[in-house]
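Written below as structure tokens is the structure these notes are about.
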Number of protein chains: 2
Amino acid sequence: MHEKGTVPAMTGEGTGTGRGHGEIPDATVSRLPLYHRALIGLHQSGVTTVSSEQLADMAGVNAAKVRKDLSYFGSYGTRGVGYDVEQLLAEIRNDLGLQHEWNCIIVGAGNLGSALLSFAGFRDRGFHVAAAVDVAPDRVGRNLGGITISHQDDLAALITRHDIAIGVIATPPASAQEVADALVAAGVRSILNFAPTVVEVPEGVLIRHVDLASELEILAFHEGRRTHPLQAPTG
Amino acid sequence: MHEKGTVPAMTGEGTGTGRGHGEIPDATVSRLPLYHRALIGLHQSGVTTVSSEQLADMAGVNAAKVRKDLSYFGSYGTRGVGYDVEQLLAEIRNDLGLQHEWNCIIVGAGNLGSALLSFAGFRDRGFHVAAAVDVAPDRVGRNLGGITISHQDDLAALITRHDIAIGVIATPPASAQEVADALVAAGVRSILNFAPTVVEVPEGVLIRHVDLASELEILAFHEGRRTHPLQAPTG
DNA sequence: TGTTGTGAAATTGTTCACAGCC
DNA sequence: GGCTGTGAACAATTTCACAACA
């Protein structure tokens with residue numbers, strides 16, 4: 001990282017909310033998990049070196065994006081060779097804050113919540129589902145994926161006891177806001193919401209939404225445009 | 001080689017100068033489901049008129065974005081008043097290609113596949129899970145959410161019989177590519193992939209990925225960066 | 001030779017601000 | 001007075017293209 005006299009990755013402190021010192025673009029952050037996933041696979045296969053192009057293929061992006069993204073972290077590639085898989089994996093794991101496991105709680109043990117409880121993909125990628133709660137008496141006490149479902153009244157106690165940092169909302173939409181409020185009140189500041197509704201959280205709390213039906217609707221939009229190219233006259 | 005861009009993309013792209021006309025930006029398409037969801041709620045509550053600002057609040061975006069997004073489809077608002085909920089709902093439903101239900105097939109009836117089978121949110125938003133398949137003998141024949149699980153060998157026959165347009169992959173990552181190949185061979189051109197791996201599809205087939213662990217990793221990234229409570233102000 | 005790292009250009013997306021209309 | 005619709009300004013993101021260099 002010693003090219004010409006210009007400052008790398010921290011150029012242009014623009015007006016107001018400009019990209020500041022050490023800020024990573026959101027678009028880059030959203031791709032880090034793809035690189036992480038690809039590198040885990042390469043490492044397990046015993047591959048020791050990877051080029052930006054190979055990594056791009058495995059992540060479903062293009063090589064320029066890979067190089068640009070990695071450059072925000074200072075990157076550790078070797079010109080003419082590529083990246084050392086083990087080193088880059090360690091670097092990305094570190095960038096993603098995955099030096100240690102994160103404990104999660106799943107709120108709502110219906111269909112989706114139950115599936116998430118047993119989902120192997122979380123553990124493989126550095127997350128530990130430490131607890132699950134529900135309000136339905138017939139669900140409380142059941143054991144799913146090695147976790148016994150507690151009553152939602154115990155939410156705060158469980159969060160404290162298990163040092164939980166991430167809350168996952170898998171309730172019906174009508175309860176999502178109150179669940180989020182309870183999570184925040186108990187100290188959780190990162191929430192993943194699967195309920196198809198907007199949830200408000202205070203400043204400093206990060207919430208992400210996954211709406212499964214929305215994904216299908218986006219597919220439907222494109223599907224609907226195949227056979228009927230245009231209905232309304234344009235221009 | 002086709003990653004992002006505006007909507008058509010599967011037929012001739014044409015003139016590369018300037019911003020296209022009559023093409024809907026991807027960012028706009030991805031927000032239509034949010035407006036759709038909000039309008040369904042308003043309609044059910046008996047609300048007849050909504051302003052761009054109210055709609056924006058319900059969708060979790062801002063008013064300028066709502067107006068800009070809707071303007072790509074024409075002018076359906078009344079200045080000084082707002083939008084007619086019923087009319088706008090019909091318009092957006094139409095834009096999303098939801099004039100009729102879309103039949104879907106779920107491939108893989110493990111934890112996630114089972115949850116998707118019973119997921120009420122799909123039917124509420126215009127999708128009908130018409131079939132489900134798996135390869136495990138102990139899963140085939142079981143009934144979940146009113147659907148009897150068939151063997152994966154019957155994939156093509158089921159797709160034809162039920163006029164299925166959308167395939168949902170809920171298998172382990174190792175099988176995702178072959179499942180996608182089978183779906184495409186059977187005529188499916190829209191795929192939603194929950195397996196945490198990149199899946200290649202031919203030109204003209206649209207695939208979207210939902211990686212649950214990636215969502216957690218993005219939360220972890222930000223969680224890991226909380227050094228001091230002073231956050232950069234937004235806006 | 002082959003591949004990274006990165007300024008600069010091109011493209012895409014967001015916000016502003018106000019004319020036009022109810 | 002209030003709200004939409006939209007061109008234009010602004011911002012973010014992607015892609016290009018090539019020097020640097022192991």
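Residue numbers begin at 1 in each chain, while the letters A, B, ... track the order of the sequences.
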[atom1] of [X] versus [atom2] of [N]: gap in Å, rounded?
{"X": "B:Y76", "N": "D:dT4", "atom1": "OH", "atom2": "P", "value": "16 Å"}
{"X": "B:D84", "N": "D:dC3", "atom1": "CG", "atom2": "C1'", "value": "15 Å"}
{"X": "B:R79", "N": "D:dT4", "atom1": "CZ", "atom2": "C1'", "value": "5 Å"}
{"X": "B:Q87", "N": "D:dT4", "atom1": "CD", "atom2": "C1'", "value": "14 Å"}
{"X": "B:Y72", "N": "D:dG7", "atom1": "OH", "atom2": "C1'", "value": "11 Å"}
{"X": "B:N62", "N": "D:dC3", "atom1": "CG", "atom2": "C1'", "value": "15 Å"}
{"X": "A:L88", "N": "C:dT3", "atom1": "CG", "atom2": "P", "value": "16 Å"}
{"X": "A:L70", "N": "C:dT6", "atom1": "CG", "atom2": "P", "value": "11 Å"}

For the side chain of [X], starting at C-beta, report the closest nucleotide among [options].
{"X": "A:A27", "options": "D:dT4, D:dT14, D:dA19", "value": "D:dT14"}
{"X": "A:P25", "options": "D:dC21, C:dG13, D:dT13", "value": "D:dT13"}
{"X": "A:R67", "options": "D:dG5, C:dT4, C:dC22", "value": "C:dT4"}

Atom pair OG1/CD of B:T48 and B:E86 - distance to nearest 0.5 Å |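 It is 9.5 Å, given to the nearest 0.5 Å.
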How do A:G80 and A:K68 order along DNA chain C: which one's closest nucleotide is nearer the 5' end?
->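 On the 5' side of the pair lies A:G80.
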Would you say the side chains of [X] and [Y] form a donor-acceptor pair under 3.5 Å?
{"X": "B:E91", "Y": "B:Y76", "answer": "yes"}
{"X": "B:T197", "Y": "A:R37", "answer": "no"}
{"X": "B:H128", "Y": "B:R123", "answer": "yes"}
{"X": "B:S190", "Y": "B:R208", "answer": "no"}

Of B:G77 and A:D69, whose nearest nucleotide on DNA chain D comes first from the 5' end?
->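 Whichever sits nearer the 5' end wins; that is B:G77.
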Sugar-phosphate, base or nothing in reach of B:F73, heavy atoms under 4.0 Å =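 Result for B:F73 = nothing.
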Below 4.0 Å: OP1/OP2 of [N] and any side-chain N or O of [X]:
{"X": "B:Y83", "N": "D:dG5", "answer": "yes"}
{"X": "B:S52", "N": "D:dT4", "answer": "yes"}
{"X": "A:K65", "N": "D:dT15", "answer": "yes"}
{"X": "A:R31", "N": "D:dT14", "answer": "yes"}

Take A:E217 and B:W102, measure what side-chain contact (heavy atoms from CB on, under 4.5 Å) needs, and give me the verdict at the end.
-> CA-CA 10 Å; A:E217 290 188 0; B:W102 292 96; over 6 Å; no
Return yes when atom CD of A:E200 has more than 12 non-hydrogen atoms of other residues, nucleotides or ligands closer than 6.0 Å, and no otherwise.
->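 Not more than 12 within 6.0 Å, no.
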Report the residues that fulfil ring pair (Phe, Tyr, Trp, His ring centres under 6.0 Å) with A:F73, sequence neighbours left out, ordered by chain and then residue number.
->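 Expected list: none.
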For the helix from C:dT1-D:dA22 to C:dC22-D:dG1, what is the angle between the axes at its two ends, each from 5 pairs, rounded to 10°?
->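 Angle reported: 10°, given to the nearest ten degrees.
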